[in-house]
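Remember, it's a predicted structure, so these values are computed and weren't measured experimentally. Residue numbers start at 1 and run along the sequence shown. In what follows, every heavy atom counts, from backbone to side chain, and hydrogens, waters and symmetry copies are set aside.
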Amino acid sequence: MKPSGKRLLHKLVIDDKFDHQFFGIVSHEPDYKTSLEINKKLNINLQNDQPARSNESDLAVFSRFTAKTKYSDHTYQLISNKSDSSTLSKNFPALDYLFVICGSLNSDIVDDAQSKIRDITYVTAVFLLDNNKLSEEYQVLQIS
């Protein structure tokens, strides 16, 4: 058979826009214990990572736990909102932790994560935070 000489081109369209959702968590337990419980509830593997540093002062260090999933594009971060004498989020100083999900998100994923974190016995509250109010923290955490 002789080729027709015309090529058929297919264009692959990939949506490179990754969303992120911030959660505020109030909990009296230390970061490692909170990360272990979130791991169990969400079936992820948060592990201790390099701490986040505030732009204002290099002395302020905030613990960070991160996880990447094998089967989706989601990444997770649990960041302590409080250091010795400082808070990472000036807009939400009462929060103990910021929890961030990055990737292709929809409302089901966000709602499911919020309800599962809320089920942890020593988590007092879980809030969905306004991403626009966290632009400074977004840069500090270098979330892509």
Spatial distance of atom [atom1] ([X]) from atom [atom2] ([Y]) [nearest 0.5 Å]:
{"X": "S35", "Y": "K40", "atom1": "OG", "atom2": "NZ", "value": "10.5 Å"}
{"X": "K82", "Y": "S89", "atom1": "NZ", "atom2": "OG", "value": "11.0 Å"}
{"X": "D31", "Y": "S80", "atom1": "CG", "atom2": "OG", "value": "6.0 Å"}
{"X": "K68", "Y": "N45", "atom1": "NZ", "atom2": "CG", "value": "12.5 Å"}
{"X": "D130", "Y": "N91", "atom1": "CG", "atom2": "CG", "value": "9.0 Å"}
{"X": "Q114", "Y": "Q21", "atom1": "CD", "atom2": "CD", "value": "8.5 Å"}

Can you give me the closest heavy-atom contact between [X] and [Y], atom names plus distance?
{"X": "V61", "Y": "P51", "answer": "CG1-CB, 3.2 Å"}
{"X": "E29", "Y": "T34", "answer": "O-OG1, 3.6 Å"}
{"X": "S104", "Y": "H74", "answer": "O-NE2, 3.0 Å"}

With sequence neighbours left out, what residues match T69 under side chain to side chain donor-acceptor pair (under 3.5 Å)? S72
Consider only side-chain N and O atoms of [X] and [Y], and report whether a donor and an acceptor are under 3.5 Å apart.
{"X": "Q50", "Y": "R64", "answer": "no"}
{"X": "T87", "Y": "N81", "answer": "no"}
{"X": "D96", "Y": "S27", "answer": "no"}

Whichever hydrophobic residues join V126 through chains of side-chain contacts under 4.5 Å: F23, I25, Y32, I38, L42, I44, L46, F65, Y76, L78, Y97, F99, I101, L105, I109, V110, I117, I120, Y122, V123, L128
Are any non-hydrogen side-chain atoms of L95 and F127 less than 4.5 angstrom apart? yes
Salt bridge (charged side-chain N to carboxylate O under 4.0 Å, His left out) pairs touching residues 99-115, sequence neighbours excluded, are D112-K116
Over 12 non-hydrogen atoms of neighbours within 6.0 angstrom of CG in D84: no
